[in-house]
Amino acid sequence: MKMLTIICREKFKEKVLVLFATRGIKGYTVISGAGGGGATGTVSGTHGWTDRNNLFLAALDNDQMATRVTTVKELHAKLVTEHSGNEVALKVFLQPCEVIL
């Protein structure tokens, strides 16, 4: 099992939720209003919707992982294309995950 973590600007929230719905990812957590900094800039998480990140967490079984990760990569590539090849504020991480309860 792996934990899929997606961190993105608020403006990409609906695109991620559509991806989850179309790919059958039903169990996930969303944390809104996250701040932080990185390659695409710094957000405080305290101002308007343009200055907030969303954090998505979804535990994936190994048999689901490859197709789900591919889909997330496709979304990222589409967003980069839509933004004239510039990097977008959407980062994806995959970590080991073990259910203990």
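We count residues from 1, following the sequence as given.
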Task: Plane angle bin for His83 and Phe12 - parallel if under 30°, tilted between 30 and 60°, otherwise perpendicular - done: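 Because their plane-to-plane angle is over 60°, the rings of Phe12 and His83 count as perpendicular.
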Task: Hydrophobic cluster identity match, Leu57 and Phe20, side-chain contacts under 4.5 Å - done: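 Hydrophobic grouping puts Leu57 apart from Phe20.
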- [ ] Determine, using the 4.5 Å side-chain heavy-atom cutoff (strictly less than), whether Ile31 and Val72 are members of one ILVMFWY cluster.
- [x]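 No.
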Please tell me if the side chains of [X] and [Y] come closer than 4.5 Å, counting only heavy atoms from C-beta onward.
X     : Y     : result
Asn54 : Ile7  : no
Leu90 : Arg9  : no
Val30 : Leu55 : no
Lys15 : Leu75 : yes
Ile6  : Leu4  : yes

Could you state the interatomic distance from [atom1] ([X]) to [atom2] ([Y]), rounded to the nearest 0.5 Å?
X     : Y     : atom1 : atom2 : value
Met1  : Asp61 : CE    : CG    : 4.0 Å
His76 : Thr71 : NE2   : OG1   : 15.0 Å
Cys8  : Glu14 : SG    : CD    : 10.5 Å

- [ ] Return the minimal non-hydrogen interatomic distance between Cys97 and Met3, and the atom names on each side.
- [x]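 Heavy atoms only, the tightest pair is CB-N, 3.5 Å.
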Task: Closest heavy-atom pair and its distance - Leu101, Val99 - done: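 Taking Leu101 first and Val99 second, the nearest heavy atoms are O-CG1, 3.3 Å.
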Task: Side-chain donor/acceptor of Arg68 to backbone N/O of Arg23, under 3.5 Å - done: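 Judged by distance alone, yes, a pair lies under 3.5 Å.
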- [ ] Could you verify whether a donor N or O on one side chain and an acceptor N or O on the other, from Glu10 and Asn53, lie under 3.5 Å apart?
- [x]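 The criterion, which ignores hydrogens and geometry beyond distance, is not satisfied for Asn53 and Glu10.
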